[in-house]
Amino acid sequence: MSVENVVQAREDSLLPDAKRENLVIRENPDELLVYDLSNHKAHCLNKSAALTWTHCDGKTTVGDLVAILGRELNVEVDEDVVWLALRQLDKARLLQGPVGRPEAIINRSRRDVVRKLGLGGALAVPAVMSIIAPKASAAVSANGTPCSTNTQCVSGCCDRQNAPIVCATDSGTGGSRRKTGVACSSNANCCSNVCVGAPTGTCA
Amino acid sequence: MRHIEPLLPYTRTIRAGTETDVVDWVAGRSILAFGVRIGIRTNQPEILDRLSEYFPPLWKPTPVSHVERLFSLKIAGAGLAGNRLGFHELFEDLEPGTRSRSLNTVLEAFESRVKMYVAEMAPRRVFVHAGAVGWRGQAIIIPGRSMSGKTSLVTELVRAGATYYSDEYAVLDLRGRVHPYPQPLAIRDQFSFKQRKCRVEEIGGVTGRKPLPVGLVVVSKYKSGVRWSPRQLSGGRGVLELLANTVPARRNPDIVMTTLQEAVSEAKVVKGARGEAAETAAMILKQFGEREGQAKA
């Protein structure tokens, strides 16, 4: 990469650009909800994070964003606030590319920013909350959680032989309990506690 | 465009295990549940009546011969008990599913799959994993996955006078109102975790009929020895909490987000660990009363 390209990349990283494609966006009072169709993550941006994100157009500088936030939130903010917002937006993959933060603020935490702003500036502290939208089948329980039937478990295997009764691991023939149709040597190998044809049978 | 599967004729070639098997499907029926057409066929006509116990609540028979999802239940042997004669098998469309010598296991799997399918595919409804009760003209919903304590809290709320809506799904219409999903309460034994179905009337409750706007969302998980002291969440955070428990979240995020936003628009959303269900239920209803008082003032 030539020196000019390196300089250009550095300048571009200081002009954050928001991701715009494959998103479902809903406005809430003082918040913005964003659903990313590409990774099924949903985000809730508070007012400060939302203002930063909506003004990330690849042309607005961090300095401009400081001015915008100060004006819209009616509190005095500095670059730390904007960088904190950009860091969270970057982590949530809501920006087009990585944001090149200045060395001096890389290790500045959210707590540092909150302390600096004080109580009066609490509104200006950016926050991005994220979740992964569940698959339709996510009603079932993970391994180790209590269960009463096989269908409640991700593994399809509720170990009713041992107490406490919990969803068991099922990894083919190596799991602690095995599903219907998997090879077994004794009843204790199977979720159903029935190994047909033991010792070289299949779990019922 | 939804996949449509013909229910009739009953005889079709399906893959059973590793061999292609021809099963004589001698009986079947189609039902409509929350706008979803489901077909069930079997090689044992006697089982059809028993199957209705496992359908989603508020199902209706329908004469249509084409359905969106076809379940096929192959009963082993001659009698319903036929455990000694082979495996009972459940197929979903043409794919093999649960296979067991225990008929109960297969029927439980059928119940779970058919309810999940309806919850995901229901048109104009958004199914959220949540307990739901009605209280003073508004709904209280308690989102949470299986085993999170929804049923125990719903049971205590009903015992305290709330109207029963559901212990499994809060069914929302596009205006964010909660509709009843009146299945029997699935009460778990404290030690064995086995579920016992209990009609709400058995605990002195009544089932709601009218859709209700959401007044309170309680995000909570049981923790021994804890006294419920929740913090209030913003509307946006409330939408995320519900979304994390919404069945068709990935299938239709556009409609889901709008619906959940409507649902929490006038609701208070609170989050915090809870202790015993009876104590928490009393506190929830008290808090709801205070909120109502504030709203009137």
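Here is the naming used below: chain letters follow the sequence lines, and residue numbers restart at 1 for every chain.
- Under a 4.0 Å N-O distance rule, the pair B:Glu111/B:Lys197 qualifies as a salt bridge.
- Checked by atom type and distance alone, the side chain of B:Thr105 never pairs as donor or acceptor with a backbone atom of B:Arg101 at under 3.5 Å.
- Side-chain N or O atoms of B:Lys150 include one that pairs as donor or acceptor with a backbone N or O of B:Arg145 at under 3.5 Å.
- Judged purely by atom type and a 3.5 angstrom limit, B:Asn245 has no side-chain atom pairing as donor or acceptor with the backbone of B:Val128.
- Salt bridge B:Glu92/B:Arg69: present, at least one basic N to carboxylate O contact under 4.0 Å.
- Side-chain atoms of B:Ser220 come within 3.5 Å of backbone N or O of B:Gly272 as a donor-acceptor pair.
- Looking at B:Gln183, its side chain never comes within 3.5 Å of a backbone N or O of B:Pro57 through a donor-acceptor pair.
- Other residues, nucleotides and ligands contribute more than 12 heavy atoms inside 6.0 Å of the CG atom of A:Leu23.
- Here A:Leu33 is the residue among A:Val24, A:Leu37, A:Leu33 with the most heavy-atom pairs under 4.5 Å with chain B.
- For the residue pair A:Lys91/A:Ser130, the side-chain donor-acceptor check at 3.5 Å is not satisfied.
- Atom CG of residue A:Asp36 and atom CD1 of residue A:Ile132 lie 11.5 Å apart, to the nearest 0.5 angstrom.
- The interface of residues 231-239 of chain B with chain A, defined by heavy-atom distances below 4.5 Å, comprises B:Ser234, B:Gly235, B:Gly236, B:Arg237, B:Val239.
- Scanning residues 45-59 of chain A against chain B with a 4.5 Å non-hydrogen threshold yields no residues.
- Residue B:Thr258 touches chain A through both its backbone and its side chain, counting heavy-atom pairs closer than 4.5 Å.
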